[in-house]
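Heads up: the structure comes next, in structure tokens.
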Amino acid sequence: MTHVPEILLEHHLKKLKLPTFLREYQKVARQCATEGLDHVQFLTRLVELELIDRERRMVERRIKTAKFPATKSLDSFDFKAIPKLNKMQVLDLARCDWIERRENVIALGPSGTGKTHIALGLGLAACQKGMTVSFTTAAALVNELMEARDERRLLRVQKQVASAKLLIIDELGFVPLSKTGAELLFELISQRYERGATLITSNLPFDEWTETFGTERLTGALLDRLTHHVNILEMNGESYRLAQSQARKATKTP
């Protein structure tokens, strides 16, 4: 009979979905007894542990939902490798106020300069601040939109993509888009205009975006929406990936 209260407590904690409470209550009870703390302090400690663990799990879920190709933070980015990149601007963007203001970020620079790393770092920061994020490449997004149109589920996909607080579109400009693909991407970005934040990385300067979208009219209309409220990250410089690879080789050389 002495174990009946414990069994009931554990049953209730499971039903209330308080896994940290369930896992930690005995250990915390022993600690509080040793320290001479009362029941309010005991419960406070347990509640704090539950809240911390719950927030960690929520961040993990947001990261999983974002579909990042890799989890990278800004802490691991070597800003010295890209001296033209404004470090203070990036760190200010990591506060995520621009996302709340529904502004945009465009990272421009040649291949290998760390644009995707910066995008992933800002996306991770947004997840940690409780924001929904969706990561995709331009080619994958356009393919998804075209397939959805062919299967008559375009509105549902558009609504799903547009609902993210931050949409990250990586590698815009690596491949030219078909007329239909360019129009679908334009439509999606237009839907998010002043309704959600969008981060785009591109290896092309703005004056060459026509090569991707096909017409000056569509390109101009797209840039008009994207650059109305925009933060531009200039990432011109030598290849960040090449520098990292050479540094790793140098450390391995006896």
Side-chain angles (χ1 to χ4, degrees), residues 55-74 77 90 93-108 114-175 177 180-203 209 212-213 222-223 225-233 235:
E55 177 58 28
R56 177 187 59 78
R57 294 194 301 272
M58 289 175 67
V59 170
E60 289 174 352
R61 281 197 294 271
R62 286 191 289 268
I63 291 172
K64 185 176 180 180
T65 302
K67 296 183 179 178
F68 297 130
T71 304
K72 293 187 178 183
S73 70
L74 295 175
F77 187 84
V90 174
L93 290 172
R95 295 169 55 192
C96 300
D97 296 339
W98 64 281
I99 301 175
E100 294 288 2
R101 295 193 297 267
R102 301 181 180 88
E103 297 176 356
N104 302 318
V105 168
I106 302 178
L108 299 174
K115 299 184 298 297
T116 300
H117 190 149
I118 291 294
L120 290 170
L122 292 175
L124 178 63
C127 287
Q128 291 170 335
K129 290 185 179 293
M131 301 174 180
T132 55
V133 180
S134 179
F135 183 100
T136 183
T137 63
L141 177 57
V142 168
N143 285 338
E144 183 181 7
L145 291 171
M146 291 182 70
E147 286 178 6
R149 187 202 60 162
D150 293 342
E151 296 170 7
R152 297 186 178 182
R153 52 185 181 86
L154 180 60
L155 288 177
R156 186 165 75 248
V157 171
Q158 286 176 327
K159 186 177 180 181
Q160 179 184 346
V161 177
S163 66
K165 198 146 191 177
L166 171 61
L167 172 63
I168 301 176
I169 304 174
D170 197 25
E171 299 180 346
L172 180 68
F174 277 74
V175 291
L177 303 176
T180 302
E183 290 172 351
L184 287 171
L185 183 57
F186 170 77
E187 185 178 347
L188 179 69
I189 291 174
S190 295
Q191 288 173 347
R192 292 186 61 81
Y193 177 59
E194 295 189 330
R195 297 178 186 175
T198 302
L199 190 161
I200 293 176
T201 75
S202 179
N203 62 319
W209 278 30
T212 298
F213 289 94
L222 179 76
L223 286 172
R225 286 159 176 76
L226 283 175
T227 60
H228 185 202
H229 308 288
V230 72
N231 303 273
I232 296 175
L233 299 177
M235 299 189 64

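Because the structure is predicted, anything quoted here is derived from the model rather than measured. Note that these values count all heavy atoms, side chains included, but never hydrogens, waters or copies made by symmetry.
Using a cut-off of 4.0 Å between Lys/Arg side-chain N and Asp/Glu carboxylate O, Glu60 and Arg56 are scored as salt-bridged. A salt bridge does not link Glu194 with Arg225: every distance from a Lys NZ or Arg NE/NH1/NH2 to an Asp or Glu carboxylate oxygen is 4.0 Å or more.
Between Leu120 and Pro69 the shortest side-chain heavy-atom distance falls below 4.5 Å. Using a 4.5 Å heavy-atom threshold, the side chains of Val142 and Leu184 count as separate. Between Met131 and Leu166 there is no side-chain heavy-atom pair separated by less than 4.5 Å. Two residues are said to be in side-chain contact when any heavy atoms from C-beta on lie closer than 4.5 Å; Phe213 and Leu223 fail this criterion. At a threshold of 4.5 Å between non-hydrogen side-chain atoms, the residues Lys72 and Leu124 do not count as touching. By the 4.5 Å heavy-atom criterion applied to side chains, Val161 and Thr136 are not counted as neighbours. A heavy-atom distance below 4.5 Å is found between the side chains of Arg149 and Thr180. Residues Phe174 and Thr137 fail the side-chain proximity criterion, which asks for heavy atoms closer than 4.5 Å.
The two atoms that bring Val133 and Ala126 nearest to each other are CG2-CB, 3.7 Å, heavy atoms only. Contact between Ser202 and Leu172 at its shortest, heavy atoms only, is OG-O, 2.7 Å. Minimum interatomic distance between Gln191 and Ala162 (heavy atoms only, all atoms of both residues): OE1-CB, 4.5 Å. Considering all non-hydrogen atoms of both residues, Ala66 and Cys127 come closest at CB-SG, 4.4 Å. Pairing each heavy atom of Ala139 with each of Val175, the nearest pair is CB-CG2, 4.2 Å.
Note that the CG atom of Asp170 and the CG atom of Leu141 stand 11.5 Å from one another [nearest 0.5 Å]. Phe186 CZ to Leu226 CG: the interatomic distance, rounded to the nearest 0.5 Å, is 9.5 Å. Rounding to the nearest 0.5 angstrom, the gap separating the CG atom in Leu199 from the OG atom in Ser134 is 12.0 Å. We find the CG-CG distance between Leu188 and Leu154 to be 9.0 Å, quoted to the nearest 0.5 Å. The distance from atom NZ of Lys165 to atom CZ of Arg102, rounded to the nearest 0.5 Å, is 7.0 Å. One distance of note links CD of Gln128 with CD1 of Ile63; it measures 6.0 Å at 0.5 Å rounding.
Panel note: side chain Ser73, backbone Gly121; no donor-acceptor pair is recorded below 3.5 Å. Put simply, the side chain of Arg62 never gets that close to the backbone of Thr132: no donor and acceptor are under 3.5 Å apart. Formation of a donor-acceptor pair under 3.5 Å by the Asn104 side chain with backbone atoms of Thr198 is found in this model. For the pair Thr227 (side chain) and Val230 (backbone), a donor-acceptor distance under 3.5 Å is absent. The backbone N or O of Leu93 sits less than 3.5 Å from a side-chain atom of Trp98, completing a donor-acceptor pair. Remark: side-chain polar atoms of Thr201 are not paired, donor with acceptor, to backbone N or O of Ala107 under 3.5 angstrom.
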Under the side-chain contact (heavy atoms from CB on, under 4.5 Å) rule, what do Met58 and Arg61 come out as? Steps first, then yes or no, please.
-> CA-CA 5 Å; Met58 289 175 67; Arg61 281 197 294 271; 3.2 Å; yes
Give the C-alpha distance, both sets of side-chain angles, the deciding distance and a yes or no for side-chain contact (heavy atoms from CB on, under 4.5 Å) between Ile118 and Lys115.
-> CA-CA 5 Å; Ile118 291 294; Lys115 299 184 298 297; 5.9 Å; no
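Around atom CZ of Arg152, no more than 12 heavy atoms belonging to other residues, nucleotides or ligands sit under 6.0 Å away. Within 6.0 Å of atom CZ in Arg195, 12 or fewer heavy atoms from other residues, nucleotides or ligands are found, so the atom counts as exposed in its surroundings.
His229 and Tyr193 have parallel rings, their planes meeting at less than 30° on a 0 to 90° scale where 60° marks the start of perpendicular.
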